[in-house]
2 protein chains.
Amino acid sequence: MAAVDLTTHPGHLARRLQQAHTLLWNAMVSEEITSPQYAVMNAVTAEPGLDQRTVGERVSLDRSTVAEVVGRLIRRELLDKVRDPQDGRRYLLRLTEEGARTHRRLTVRAARMNQVLLAPLGTEEQDLFVDLIRRVSEAAETLRRPV
Amino acid sequence: MAAVDLTTHPGHLARRLQQAHTLLWNAMVSEEITSPQYAVMNAVTAEPGLDQRTVGERVSLDRSTVAEVVGRLIRRELLDKVRDPQDGRRYLLRLTEEGARTHRRLTVRAARMNQVLLAPLGTEEQDLFVDLIRRVSEAAETLRRPV
DNA sequence: GTCATTTAGTCAGGGCACTGACTATTTCGG
DNA sequence: CCGAAATAGTCAGTGCCCTGACTAAATGAC
């Protein structure tokens, strides 16, 4: 025996929360564009001309994963990538017209989805929820990156 | 412009929480055995002779993913799989001796890791955290699976 | 000014997670 | 009993996510 109740393990709960979120995202936001793809588009919207590495920093993805996600967005013609003339190592990212349109559309839907996702909680609980997750994640991140 | 602050999006936070957890898991529990693999071992410990589909139900994984994870545990000789003589469609799962030992060892370490992960929160906050995540996930799950 | 170091991006490889199509087996209706 | 429907597992395909090794470009120390 000696089995454990996984519903007390935050890691297990985090995985289930993400599954639940993905399900809802597909149903209410988009079946084509995933949530990480949207996050990248959002970062480029906030700071057009960002390079891949910095985008990764903004949305919490490593270089390899950003490259994959960026590749998919380019294939869908939502994103453009040009060499930085100032620094030949970098690629500068920018949304296409269609990319900007798509981002705007998904932003509206994502807001609605977030409301549905958090609906089971009261108003103060919702703020608390976001705050608690953020504190735990940030603490763990600085734990790895010894400032 | 019109970019959004992702740190208010629970989906984004869930992803970051999982990343933080994985990092800590690798550092404090095991670099060999992943957290989903441990979850499967734990389910089989609780109910030896479970079939794959039910294991998936217990740990929130679909059939395909369970098959992959089970395959890896078998390759490592932590798990055994035999056809159910009663029902030729099923495979019955059982930990090997080494699997049971490994599960016990990781259980101790996972408990320590959970303490570290939740350390930034006060005692009541920790309970609240677990409760809030659980409520949100469960609500979203029943939303898709119309009982 | 040249060489060592750092940096941005790519690629191979491993693991998680889902869908949809397929196979084999069981079960159920008649 | 027999054929249809349901069920357990597999497989192919897509996407996310990381590490470690590699290439090309820029930077910095001398």
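A, B, ... follow the sequence lines: proteins, then strands. Residue 1 opens every chain. Predicted model only: the values in this text are computed from it and were never measured.
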Under 4.0 angstrom between [X] side-chain N/O and [N] OP1 or OP2:
{"X": "A:Gln37", "N": "D:dG15", "value": "no"}
{"X": "A:Arg53", "N": "C:dA8", "value": "yes"}
{"X": "A:Gln18", "N": "C:dA17", "value": "no"}
{"X": "A:Lys81", "N": "C:dT10", "value": "yes"}
{"X": "A:Gln52", "N": "C:dT10", "value": "yes"}
{"X": "A:Thr65", "N": "D:dC18", "value": "yes"}

Indicate, with a heavy-atom threshold strictly under 4.0 Å, whether [X] touches base, sugar-phosphate, or nothing.
{"X": "B:Arg90", "result": "sugar-phosphate"}
{"X": "B:Asp87", "result": "sugar-phosphate"}
{"X": "B:Thr34", "result": "sugar-phosphate"}
{"X": "B:Glu68", "result": "base"}

Calculate, to the nearest 0.5 Å, the distance between atoms CG and CD belonging to A:Leu61 and B:Gln19 respectively.
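The CD atom of B:Gln19 is 6.5 Å from CG of A:Leu61, to the nearest 0.5 Å.
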First locate atom OG1 of A:Thr7, then atom CD of B:Glu138, and finally report the distance between them rounded to the nearest 0.5 Å.
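Taking OG1 in A:Thr7 and CD in B:Glu138, the distance rounds to 8.0 Å.
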Rounded to whole angstroms, how far apart are CD1 on A:Ile74 and P on C:dG9?
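One finds 11 Å between P of C:dG9 and CD1 of A:Ile74, rounded.
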Take atom CG of B:Leu23 and atom P of D:dT19, then tell me their distance rounded to the nearest Å.
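Whole-Å distance recorded here is 7 Å.
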Would you state whether a donor and an acceptor, one from the side chain of B:Arg89 and one from the base of D:dG9, lie under 3.5 Å apart?
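Not at all, since no donor on one side and acceptor on the other fall under 3.5 Å apart.
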Distance-only donor-acceptor test, B:Thr22 side-chain atoms vs D:dC18 base atoms, 3.5 Å
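There is none.
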Here's a test of your reading of the structure: between B:Arg15 and B:Asp51, which maps to the more 5' nucleotide of DNA chain D?
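Its nearest nucleotide being more 5', the pick is B:Asp51.
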Please walk me through it: do A:Arg76 and A:Glu98 pass salt bridge (Lys or Arg N to Asp or Glu O under 4.0 Å)?
CA-CA 10 Å; A:Arg76 286 182 191 286; A:Glu98 199 196 331; over 6 Å; no
Give the ring-plane orientation class for A:Tyr38 versus A:Trp25, where under 30° counts as parallel, over 60° as perpendicular and anything between as tilted.
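Rings of A:Tyr38 and A:Trp25: tilted, as their planes differ by 30° to 60°.
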Quick check on side-chain hydrogen bond (donor to acceptor under 3.5 Å, both in side chains): which of A:Arg83, A:Gln52, A:Arg53, A:Lys81 does A:Tyr91 satisfy it with?
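Testing A:Tyr91 for a side-chain hydrogen bond (donor to acceptor under 3.5 Å, both in side chains) against A:Arg83, A:Gln52, A:Arg53, A:Lys81 leaves exactly one candidate, A:Arg83.
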Return whichever of B:Arg75 or B:Ser60 has its heavy-atom-nearest nucleotide of DNA chain C closer to the 5' end.
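Its nearest nucleotide lies further toward 5', so the answer is B:Arg75.
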